Amino acid sequence: MTVRTRFAPSPTGYLHIGGVRTALFNWLFAKGQGGQFILRVDDTDQQRNVEAALAPILHGFRWLGLDWDEGPEVGGPRAPYYQSQRADKYQAAAEALLAAGAAYRDFASTEEIQAEREQAQQASEQFTYSRRWMAENDADIAKFEAEGRQCVVRLKMPREGELVHHDLIRGEVRFQWAREQDHVVQRADGSCLYHLATVVDDQDMQISHVIRAEEHLSNTPRQIFIANALGYPLPEFAHLPYVAEPGSKNKLSKRKLEKYLKNRDFAQLKQHGESIAERLNLEIDAEVFNPVIVDFYEQIGFLPDALLNYLLLLGWSLDDHTEEFSREEMLAQFSLDRVNKAPASFDPQKLFAFQDRAMQKLPIKQKVARVLPFLQQAGAIADPPPCDTAPYLTKIVEAAGDRIKIAGDILDYLDFYTADDQLEYDEKALNKRIRKPDDAVRLLTEFREKLAAVEQFEGESLEATLKTFVEEKEIKIGQIVHAVRVAVTGKAVGFGLFETMAILGRERCLARIERALAQ
RNA sequence: GGCCCCUUCGUCUAGCGGUCUAGGACUCCGGCCUUUCACGCCGGCAACACGGGUUCGAGUCCCGUAGGGGUCACCA
């Protein structure tokens, strides 16, 4: 049997991090066994703008490299992959359910149902529909219709017995049928509801394993009921624990951004992103620029593999020590039986640590390629880039070492691209290192002269020059080094001073020092 | 509230009856390295929810309790 899994997003306009985790597990499970991963759009309830609301989701999948074998934009043998376009199939299923006696036409108004529900609630009993307006034959139908009533189709759930089913993650799960409601599967206008649609689609698309979040666990009995009534073979079910909020066990939700911002780590991540977005002059869409949403990470320069690696370990582990997985390793090692049962909290810091490590391992060439678009977006480099871009940028990225944690961090070093007469000086640094210390101006002036005379303007020789200078003047290294840094970069922190100077070159260093002295 | 699910350091987790004075990772706290920052290195704090069983022996099995969560739509 070929393994076929699916992820069924509803077109909401954004890709949620919890959703991606679910999708990832589906993708890994199917692809790891040579099966297929299908994307299906659950848009039974959405009428407008499905394409627009779906675009960011598909974009997110593409960015992450989670490719789908069948689904929107790629098509497939079971097309269409939009539920809104599959109404005829659901209609046929609803009729089959009726014919099989597993469903009935119900002529109750919503008010009448509501009244029964409230009554049960007041008596603190479980609500069970009286089936008072259930039409059992054509005569009933005629009678109710004569009263001007409209009908929906409801499931005729068993009122006794239990369902025992095996979940790949949770093991044996038991449900009392009597606890289940006569759910509506088709509205009066003929449109069908999610539960029917899912079952029909999963069958039609030959889904072998339904891997989804735990919140669907209690939906499973009614879906099994429908599948059984329709004579479908059952897929395997695996209910994943959901992804929880940072620092709590509540389900992670896009809507609680305000609350999450009270979490220090979460706020820090968002701030980091914002500082990058600001320098890119990015228009921040508060709905989407949120660490709960995948788009956020793309915009500020995360590595997709790092996000995936982190998400993989959120509820799954291989053993007691392996944390880093390449895509190939994930595919080879993933298995459902090592998925945890308890929800896992989203930890922004750990995510960041994965990103950090992935970035450190990235070959210099790729790092440069990742960083370039950010400089272009910030207006530092033209698009297309001039031909001397790569060597210069490579030097910068090399010198930056591990300081660039996410691609957008390159914007911390924009001063390599600002014209010498435009360089802005950090006031605090200027005061502390140049204006205030007694000898700073004199030393800086003298050191500038040394620089002007250096034969080779490169890291090693510059360092030697400075050392000699320090010895000659009988000063401490700190007395000159900081002043030079501030003069040359405008900032108090940065990477190796000699590398920095070598990258800038003699002329620019001299010009910048001169300008700093004039401040 | 009913039903269902879950419960090891702050967080992600290892652990499938003895090798657990409970291991790893992130965070945090010391220290080292160092021209700043970052990296790196060394060290440290820190957990089996509780109570009963079963067993020679329980973090591991069973039953309760407590706590947390999910779900109860003509949403998906």
Side-chain angles (χ1 to χ4, degrees), chain A residues 8-12 42-46 83 106 108-110 113-114 117 120-121 124-127 150 152-154 167 169-171 173-176 178-181 183-189 191-195 197-198 213-221 239 241-242 244 246-251 264-265 310 313-324 338 340-354 356-357 360 400-405 409 412 429 433 463 466 470 476-486 489 491-498:
Chain A
S10 42
T12 50
D42 274 16
D43 59 347
T44 51
D45 201 41
Q46 253 100 351
Q83 291 195 325
D106 182 53
S109 69
T110 42
I113 291 283
Q114 192 51 33
R117 199 171 265 133
Q121 200 167 29
S124 26
E125 283 168 2
Q126 188 210 301
F127 166 62
Q150 290 192 311
V152 298
V153 175
R154 302 189 97 99
D167 186 284
I169 292 170
R170 324 212 81 95
V173 185
R174 293 166 178 270
F175 294 94
Q176 299 299 314
R179 303 283 175 205
E180 277 291 312
Q181 296 301 322
H183 299 279
V184 173
V185 291
Q186 187 174 31
R187 298 186 182 95
D189 66 4
S191 63
C192 288
L193 267 9
Y194 167 74
H195 294 296
T198 312
E214 182 193 334
E215 65 233 48
H216 288 284
L217 185 58
S218 47
N219 298 157
T220 307
H239 286 93
Y242 52 87
S248 113
K249 289 295 176 203
N250 293 336
K251 194 169 76 170
R264 194 198 56 180
D265 302 336
Y310 171 70
L313 267 355
L314 212 51
W316 180 87
S317 66
L318 177 67
D319 52 32
D320 62 346
H321 64 280
T322 314
E323 288 217 318
E324 285 182 43
R338 291 200 60 87
N340 275 344
K341 290 183 179 136
S345 303
F346 173 68
D347 182 349
Q349 289 203 102
K350 188 136 188 176
L351 201 206
F352 201 84
F354 275 92
D356 194 354
R357 271 188 290 203
Q360 285 185 30
D402 300 330
R403 272 162 278 236
I404 298 173
K405 313 272 186 203
D409 285 343
D412 285 341
R433 299 301 187 188
E463 186 165 3
L466 185 117
V470 165
K476 283 189 197 160
I477 197 159
Q479 286 177 269
I480 183 66
V481 129
H482 301 295
V484 176
R485 175 186 302 284
V486 173
T489 67
K491 294 190 203 117
V493 297
F495 30 84
L497 179 59
F498 308 110

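The model shown is predicted, which means the values in this text are computed figures rather than measured ones. Letters go in sequence order (proteins before strands), and every chain restarts at 1.
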What contact category does A:Phe352 fall into here, base, sugar-phosphate, or nothing, at under 4.0 angstrom with non-hydrogen atoms? nothing
Side chain of A:Lys249 only, please: which of B:G24, B:U11, B:C4 is the nearest? B:U11
Please give the distance between the P atoms of B:C3 and B:C61 as a whole number of Å. 25 Å
Would you classify A:Gln126 as touching base, sugar-phosphate or nothing, given that sugar-phosphate means primed atoms plus P, OP1 and OP2, and contacts are heavy atoms under 4.0 Å? nothing
If you measure from the C1' atom in B:A38 to the same atom in B:G44, how many Å do you get, rounded? 23 Å
Salt bridge (charged side-chain N to carboxylate O under 4.0 Å, His left out) involving A:Glu180 - partner list, sequence neighbours excluded: A:Arg222
Determine which nucleotide pairs with B:G1, using a 3.5 Å limit on both distances of a Watson-Crick or G-U wobble pair. B:C72
Protein-nucleotide distance (A:Gln181, atom CD; B:C3, atom P), rounded to Å: 14 Å
Protein-nucleotide distance (A:Asp320, atom CG; B:G59, atom C1'), rounded to Å: 16 Å
Regarding the side chain of A:Arg170, the nearest nucleotide among B:C6, B:C12, B:C74 is B:C6
Residues A:Pro348 and A:Pro246: closest non-hydrogen pair is CD-CB, 4.3 Å
Respond yes when some side-chain nitrogen or oxygen of A:Arg179 is under 4.0 Å from OP1 or OP2 of B:C4, and no when none is. no
Using the P atom in both, what is the distance from B:U60 to B:C16, to the nearest Å? 12 Å
Write down the distance between OH (A:Tyr194) and P (B:U71), rounded to a whole number of angstrom. 12 Å
Closest listed nucleotide, where the reference is the side chain of A:Val184 and the choices are B:A25, B:C74, B:G2: B:C74
Base, sugar-phosphate or nothing for A:Lys491? Non-hydrogen atoms, less than 4.0 Å. nothing
How far does the C1' atom of B:C72 sit from the matching atom of B:A76, given to the nearest Å? 15 Å
Taken to the nearest whole Å, CG/A:Leu313 to C1'/B:U13 is 8 Å
To the nearest angstrom, the OH-P distance between A:Tyr310 and B:U11 comes to 12 Å
Residues which pass ring-ring contact (aromatic ring centres under 6.0 Å, His included) with A:Phe498, listed by chain and number, not counting sequence neighbours: none
Can you see whether A:Ser191 engages A:Arg187 through a side-chain donor-acceptor pair at a distance of less than 3.5 angstrom? yes
Spacing of A:Glu214 atom CD relative to B:G68 atom P, expressed in whole Å: 16 Å
Using a heavy-atom cut-off of under 4.0 Å over every strand shown, decide if A:Asn219 touches base, sugar-phosphate, or nothing. base
State whether A:Thr44 places a side-chain N or O below 4.0 Å from either non-bridging phosphate oxygen (OP1 or OP2) of B:A76. yes
Which nucleotide in the list B:C74, B:C6, B:U13 gets nearest to the side chain of A:Val152? B:C74
Under 4.0 angstrom, heavy atoms only, what part of the nucleic acid is A:His183 near: base, sugar-phosphate, or nothing? nothing
Hey, is the main chain of A:Ala244 close enough, under 3.5 Å, to the side chain of A:Ser248 for a donor-acceptor pair? no
If you count the non-hydrogen atoms of other residues, nucleotides and ligands that lie under 6.0 Å from CD in A:Glu215, is the total more than 12? yes
Among B:C12, B:A76, B:U35, the one nearest A:Ser345 by side-chain distance: B:C12
Side-chain N,O (A:Ser10) to OP1/OP2 (B:C75) below 4.0 Å: no
Would you say A:Arg338 reaches B:G15's phosphate, i.e. side-chain N/O to OP1/OP2 under 4.0 Å? yes
Could you tell me whether the phosphate oxygens of B:C75, OP1 or OP2, come under 4.0 Å of any side-chain nitrogen or oxygen in A:Arg187? yes
Over all strands shown, is A:His216 touching base, sugar-phosphate only, or nothing at heavy-atom distances under 4.0 angstrom? base
Base partner of B:U7, which must satisfy Watson-Crick or wobble distances under 3.5 Å: B:A66
Going 5' to 3' through nucleotides 36-49 of chain B and flagging B where a protein heavy-atom sits under 4.0 Å of the base, S where only the sugar-phosphate is that close, and - otherwise, we get BBSS----------
Whole-Å distance separating the CZ atom of A:Phe346 from the P atom of B:U13: 14 Å
Got a donor-acceptor contact below 3.5 angstrom from the A:Lys249 side chain to the A:Ala342 backbone? no
Same-atom distance (C1') from B:C62 to B:U55, integer angstrom: 12 Å
Can you tell me how far P in B:G51 sits from the matching atom in B:U13, rounded to whole Å? 26 Å
Students often get this wrong, so: under 4.0 angstrom with heavy atoms, is A:Ala429 touching a base, only sugar-phosphate, or nothing? nothing
Calculate the interatomic distance between A:Gln176 atom CD and B:U71 atom P; express it in whole Å. 21 Å
Across the strands shown, which category fits A:Asn250 at heavy-atom distances under 4.0 angstrom: base, sugar-phosphate, nothing? sugar-phosphate
Answer with base, sugar-phosphate or nothing: what part of the nucleic acid does A:Ser124 contact at a heavy-atom distance below 4.0 Å? nothing
Which listed nucleotide (B:A76, B:C5, B:G24) is nearest to the side chain of A:Lys350? B:G24
Using the C1' atom as the reference point in each nucleotide, state the distance between B:A46 and B:U8 in Å, no decimals. 12 Å
